[in-house]
K.L.:
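Supplied in structure tokens, the structure appears directly below.
Because the structure is predicted, anything quoted here is derived from the model rather than measured. Positions are given from 1 along the sequence.
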Amino acid sequence: MLRRHFARWTHRLRPAVDRITGNPAIQRYFPALADPDLWHLNRRSAARAVAVGLFCGLIPGPLQALGAIVCCLVIRANFPLAVVTTFYTSPFTIVPLYVVAYEYGRLFF
């Protein structure tokens, strides 16, 4: 039941993906974005995308989404999911996240 509902939902997104990847500027300057592995949502690409999104969410400033897209092109992860995952940081959550990251790094090193 849930799988059928999810399949219908992703099927509705397909025209938007075709419109993005069919853009002449995208085809000319960024042909790697037409790779179907970047758009299909399966277990491996979703896990990679969440990992990339969590990592790139700690990049300061407005470069989070750009960093996520570049990392997804390198490791072939689902980049819409990675970009959405970078939004876990907000002005309310960034300070505790940096404290936890600092303590974890201090523990690691």
K.L.:
Return the minimal non-hydrogen interatomic distance between A46 and L41, and the atom names on each side.
P.N.:
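In terms of heavy atoms, the two residues are closest at CB-CD1, 3.9 Å.
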K.L.:
Between the main-chain N or O of Y88 and the side-chain N or O of T93, is there a donor-acceptor pair closer than 3.5 Å?
P.N.:
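Side chain of T93 to backbone of Y88, a donor-acceptor pair under 3.5 Å: yes, one is there.
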K.L.:
Using only atom types and a distance under 3.5 Å, with no angle test, would you say the side chain of Y98 pairs donor to acceptor with the backbone of L58?
P.N.:
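Checking the backbone N and O of L58 against the side chain of Y98, a donor-acceptor pair under 3.5 Å is found.
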K.L.:
Under the side chain to side chain donor-acceptor pair (under 3.5 Å) rule, what pairs show up with a residue in residues 48-75, not counting sequence neighbours?
P.N.:
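Listed once each, the pairs are Q64-T89.
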K.L.:
Can you tell me how far the CD1 atom of I69 sits from the SG atom of C72, to the nearest 0.5 Å?
P.N.:
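I69 CD1 to C72 SG: 8.0 Å, rounded to 0.5 Å.
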K.L.:
Taking all non-hydrogen atoms of both residues, which atom of C56 and which atom of T86 are closest, and how far apart?
P.N.:
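Nearest heavy atoms, C56 then T86: CB-CG2, 4.1 Å.
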K.L.:
For A49 versus A77, what's the shortest heavy-atom pair and its separation?
P.N.:
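In this case the closest contact between A49 and A77 is N-CB, 3.7 Å.
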K.L.:
What is the minimum heavy-atom distance between V52 and A82, and which atoms define it?
P.N.:
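Minimum heavy-atom separation between V52 and A82: CG1-CB, 4.2 Å.
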K.L.:
Output the distance between atom CG (L54) and atom CG (L97), rounded to the nearest 0.5 Å.
P.N.:
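Taking CG in L54 and CG in L97, the distance rounds to 9.5 Å.
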K.L.:
Among residues two or more places apart or on two chains, list those pairs meeting side chain to side chain donor-acceptor pair (under 3.5 Å) that have a residue in residues 51-60.
P.N.:
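Passing the test, one end in residues 51-60: no pairs.
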K.L.:
Establish whether V100 and V95 are linked, either directly or via other cluster members, by ILVMFWY side-chain heavy-atom contacts under 4.5 Å.
P.N.:
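No, separate clusters.
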K.L.:
Please check if L81 and F55 belong to a single hydrophobic cluster, counting links between Ile, Leu, Val, Met, Phe, Trp and Tyr side chain heavy atoms closer than 4.5 Å.
P.N.:
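Looking at the clustering, F55 is in a separate group from L81.
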K.L.:
Quick check for you: to the nearest 0.5 Å, what is the distance between C71 atom SG and I59 atom CD1?
P.N.:
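These two atoms lie 6.5 Å from each other.
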K.L.:
Indicate yes or no: at least one non-hydrogen side-chain atom of S45 is less than 4.5 angstrom from one of N42.
P.N.:
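A side-chain contact exists here, since the closest heavy-atom pair is under 4.5 Å.
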